[in-house]
Amino acid sequence: MSQVSAQPHAHPRRRQPRIQVGDRLLTHLFIWPTLILLIVMNVFPLFYSLYLSFTEYSGIGDTPPDWVGIENYEEILSNTGHPDKRDGNRYWHNFAVTGRYAVMSVGLQLVVGFSLAMLLKEKFRGNGLVTTLILIPMMLAPAVVGIFWKLIFDPSKGIFSYMMYTSNPRDHAWLADPELALWAIVIVDVWMWSPFVMLLCLAGLRAIPDYLYEAAAIDRASAWFQFRRITLPRVAPLLLIALLFRTIEAFKTFDLVAELTFGNPGGDTTEVIALRLYREAFPPQFNTGESSAAAYIILILVIALSNLYIRALGRLRED
Amino acid sequence: MQLIEVLFWAFMSAIVGAAGTAFVYSNKRREPVAGMVIGFVLGLLGSLLFLIPLWLLVPRGAGYGEEEHVPQNVVARIFYHFVEGLELMAIPIGRRLRPYLFWLAVGLVLFFFAFPLYWMVITSFKPRAEATSETPTFIPWVQFDPTLQNYEEVLIEVKTTAYGGQETVQESEFPEMLKNSILISGSATLAAVILGTMAAYAFSRFSVPGENDLLFFILSTRMLPPVVVVIPIFLMFIELDWLNTFVGLFVLYTVVGLPFVVWIMKGFFDEIPPEYEEAAMIDGHSRLTAVFKIVIPEAIPGMLATAVFVLILAWNEYLFALRLNPREFSTAPIFLSEVIGFGRTEWGRMAATSVILVSPIIVFTFLVRNHLLRGVTFGAVRR
């Protein structure tokens with residue numbers, strides 16, 4: 001107040017509106033560049049592909065998009081196709097592979113990540129270094145990770161078969177085995193992303209005050225009881241975040257599968273939906289219309305999951 | 001003896017049996033899964049044969065405090081003292097073993113997470129014959145002589161000698177791609193951090209109409225599957241003639257980074273008390289100078305960490321780069337698919353390329369290790 005009274009010219013009532021106008025102008029100046037970029041590069045393309053999803057169109061053809069209504073959607077959702085035959089468009093097969101992949105890899109990541117967090121919450125020398133080392137995989141490019149795990153899984157030169165099997169390792173080519181290829185991808189995904197779950201769980205575990213455990217120990221609560229009633233509830237919101245985020249990412253998985261198997265072996269046993277979409281959308285197929293429709297189906301799934309995810313984040317923020 | 005202990009030991013024996021038998025079976029070239037099942041059942045039954053009488057005869061809670069009473073039955077007493085002796089031995093051993101077991105677990109975890117990276121690094125230093133040999137070698141200098149040949153081939157040129165003794169030299173495109181990567185991801189990071197920080201400041205300090213909806217919209221663009229976005233973007237870039245240009249990927253990576261920057265920087269700004277600028281403005285600064293003189297210096301560490309995250313995002317991006325810039329202004333990850341494309345797979349060169357791509361990321365991860373949590377949760381969790 002003393003500063004204001006030191007300046008007799010600055011009338012408080014006059015200053016107030018000037019600042020407000022300035023702030024409002026600044027708000028617009030600050031926000032619109034970001035919003036315009038996002039609208040031009042994300043929203044506009046999405047509306048364009050929404051239009052294309054109702055057309056028969058090929059990105060390289062000379063013919064303009066031909067409106068066909070919901071035909072593309074009908075075709076994708078109705079044709080189940082036989083899993084052993086290559087006829088039909090078999091999108092349901094791709095959804096099934098993606099679902100299986102999501103359940104397997106996210107489930108394992110949650111278990112491994114939580115166990116890692118339980119291990120690393122202990123205080124010991126070099127804790128920070130070990131934690132950071134474990135966190136490195138999740139920062140790497142999925143494309144690069146795919147390449148060097150491909151080397152590791154290589155049946156004759158790779159280290160994986162050499163360590164796993166004492167008999168002739170050539171017989172155990174995981175990436176070429178229709179049954180094991182998906183598991184191989186899951187292993188890589190777990191290697192890459194369980195540190196992410198660990199990071200979240202560690203934050204939850206470290207925030208639990210010690211006195212809760214001390215009180216439980218006085219009451220002679222068993223270790224299982226302490227885990228169930230103290231540890232788990234405190235980590236659950238973070239686990240939920242991890243679960244949702246990893247599920248969303250699993251539905252988006254492309255780079256890893258593209259590098260490791262590109263949908264093979266056995267034709268398409270590991271062809272996740274993103275990969276199918278990619279194959280459909282670009283040469284030689286170039287079914288822009290149909291792939292846009294498939295893209296929209298994925299988009300709706302992902303948006304539904306993202307909604308839950310962002311809500312969970314918001315709840316965490318409020319705490 | 002409690003039921004839980006019986007189950008525990010029975011289960012442990014079953015696991016040991018399963019693992020052992022599976023190992024023996026696979027050595028004998030018989031179906032290891034069958035061995036696993038047989039070993040599991042045998043281990044379970046064998047241990048229960050011993051554990052069930054123990055459980056029936058030894059009173060519950062023996063060795064667990066004051067409530068125990070020594071049984072009258074002679075056989076039970078023998079068992080009782082046997083178990084008591086075991087426990088008396090086991091408790092101190094267990095206590096002494098615990099740190100070792102802990103370090104063993106930490107070691108195993110480190111092995112699983114660090115070994116693939118170690119393997120990649122040593123493969124990149126192996127001569128070709130060694131990199132493709134069927135008996136793996138692990139220790140440089142002891143088991144093989146490390147060479148820089150792979151790095152030379154990746155970074156400078158590949159010399160191949162044809163059957164006639166003719167030597168052809170193929171210059172590597174990788175340095176060019178690395179340059180593009182640095183240029184594109186660096187400038188996109190700069191743009192994203194500047195624009196995103198501005199928006200984040202506005203969201204943090206001013207009352208923006210529909211603030212939550214806008215923030216939600218911004219974050220939801222981050223969730224879009226790249227494979228969905230790439231189709232219309234591809235068509236759009238054809239129209240704009242942006243394929244194989246610097247501008248195309250630059251704008252795209254800026255947009256990819258923006259939601260991230262807005263959310264994380266909003267978190268950082270929320271932590272700086274608004275009274276700082278208000279005090280400065282009372283001292284006669286305008287809002288803008290107050291921001292530059294007071295708020296930005298406070299937020300610099302956060303901005304740097306955010307920049308590193310965006311840089312990593314752009315540096316690692318593969319799908320857009322593969323589709324939009326396959327020929328000109330290709331980024332470094334594209335080189336991997338080129339190495340793999342040339343007929344025979346050159347594992348040494350591949351590993352060298354991977355090491356070059358991965359090492360800056362490892363350095364960056366160490367730099368931002370204290371902000372990782374904030375980064376992966378878009379600023380929602382702050383530790």
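Chain naming here is simple, since letters A, B, ... match the order of the sequence lines and numbering starts at 1 in each. Here the structure is a predicted model, which is why all the values come from computation and not from measurement. Note: hydrogens, waters and symmetry copies are ignored here, and every other heavy atom, side chains too, is used.
- Within the 4.5 angstrom heavy-atom criterion, only side-chain atoms of B:Leu258, from C-beta onward, approach chain A.
- For the atom pair B:Thr221 OG1 and A:Asn42 CG, the distance stands at 5.0 Å (nearest 0.5 Å).
- Looking at A:Ala274, the atoms closer than 4.5 Å to chain B (heavy atoms on both sides) sit in the backbone and in the side chain alike.
- Contact annotation: the side chain of A:Thr34 never approaches that of B:Met198 to less than 4.5 Å [non-hydrogen atoms, C-beta and beyond].
- For the atom pair CZ of B:Arg369 and CG of A:Leu133, the computed distance is 11.0 Å after rounding to the nearest 0.5 Å.
- In this structure, chain B has a heavy atom under 4.5 Å from the side chain of A:Ile298, while its backbone stays farther away.
- When heavy atoms are compared at a cutoff of 4.5 Å, A:Ser115 does not approach chain B at all.
- For B:Phe378, the parts sitting under 4.5 Å from any heavy atom of chain A are the backbone and the side chain alike.
- Residue A:Leu202: no heavy atom, backbone or side chain, is found under 4.5 Å from chain B.
- Looking at A:Trp32, there are no atoms closer than 4.5 Å to chain B (heavy atoms on both sides), in backbone or side chain.
- In this structure, chain B has no heavy atom under 4.5 Å from any part of A:Ile303.
- For a residue to count as touching a neighbouring chain, one of its non-hydrogen atoms must lie under 4.5 Å from one of that chain's; by this rule A:Val145 does not touch chain B.
- Interface remark: A:Phe286 contributes side-chain atoms only to the contact with chain B (heavy atom separation under 4.5 Å).
- Only the side chain of A:Val302 comes within contact range of chain B, judged by heavy atoms closer than 4.5 Å.
- When heavy atoms are compared at a cutoff of 4.5 Å, A:Ile248 approaches chain B solely by way of its side chain, counted from C-beta outward.
- To the nearest 0.5 Å, atoms CG (B:Leu357) and CG (A:Leu140) are separated by 10.0 Å.
- Contacts between A:Met192 and chain B at a heavy-atom distance below 4.5 Å are absent for every atom of the residue.
- For B:Trp119 and A:Phe148, the gap between ring centers reaches or exceeds 6.0 Å.
- Between the OG1 atom of B:Thr365 and the CD1 atom of A:Ile136 there is a distance of 5.5 Å, given to the nearest 0.5 Å.
- Neither the backbone nor the side chain of A:Arg311 comes within contact range of chain B; no heavy atoms are under 4.5 Å apart.
- Residue contact with chain B, scored on non-hydrogen atoms closer than 4.5 Å, involves the side chain of A:Leu238 exclusively.
- In terms of heavy-atom pairs under 4.5 Å with chain B, the best-connected choice from A:Tyr309, A:Tyr48, A:Phe47, A:Phe44 is A:Tyr309.
- In this structure, B:Arg323 is positioned above the aromatic face of A:Phe282, its NZ or CZ under 6.0 Å from the six-membered ring centre and within 45° of the axis.
- Between A:Ile310 atom CD1 and B:Trp263 atom CH2 the span is 6.0 Å, to the nearest 0.5 Å.
- When ring centroids are compared, A:Phe124 and B:Phe102 come within the 6.0 Å threshold.
- Residue A:Leu151 holds its CG atom at 10.0 Å from CE of B:Met120, rounded to the nearest 0.5 Å.
- Judged by distance alone, with hydrogens and angles left aside, the side-chain atoms of A:Lys252 form a donor-acceptor pair with the main-chain N or O of B:Met223 at under 3.5 Å.
- Panel note: side chain A:Asp255, backbone B:Leu319; no donor-acceptor pair is recorded below 3.5 Å.
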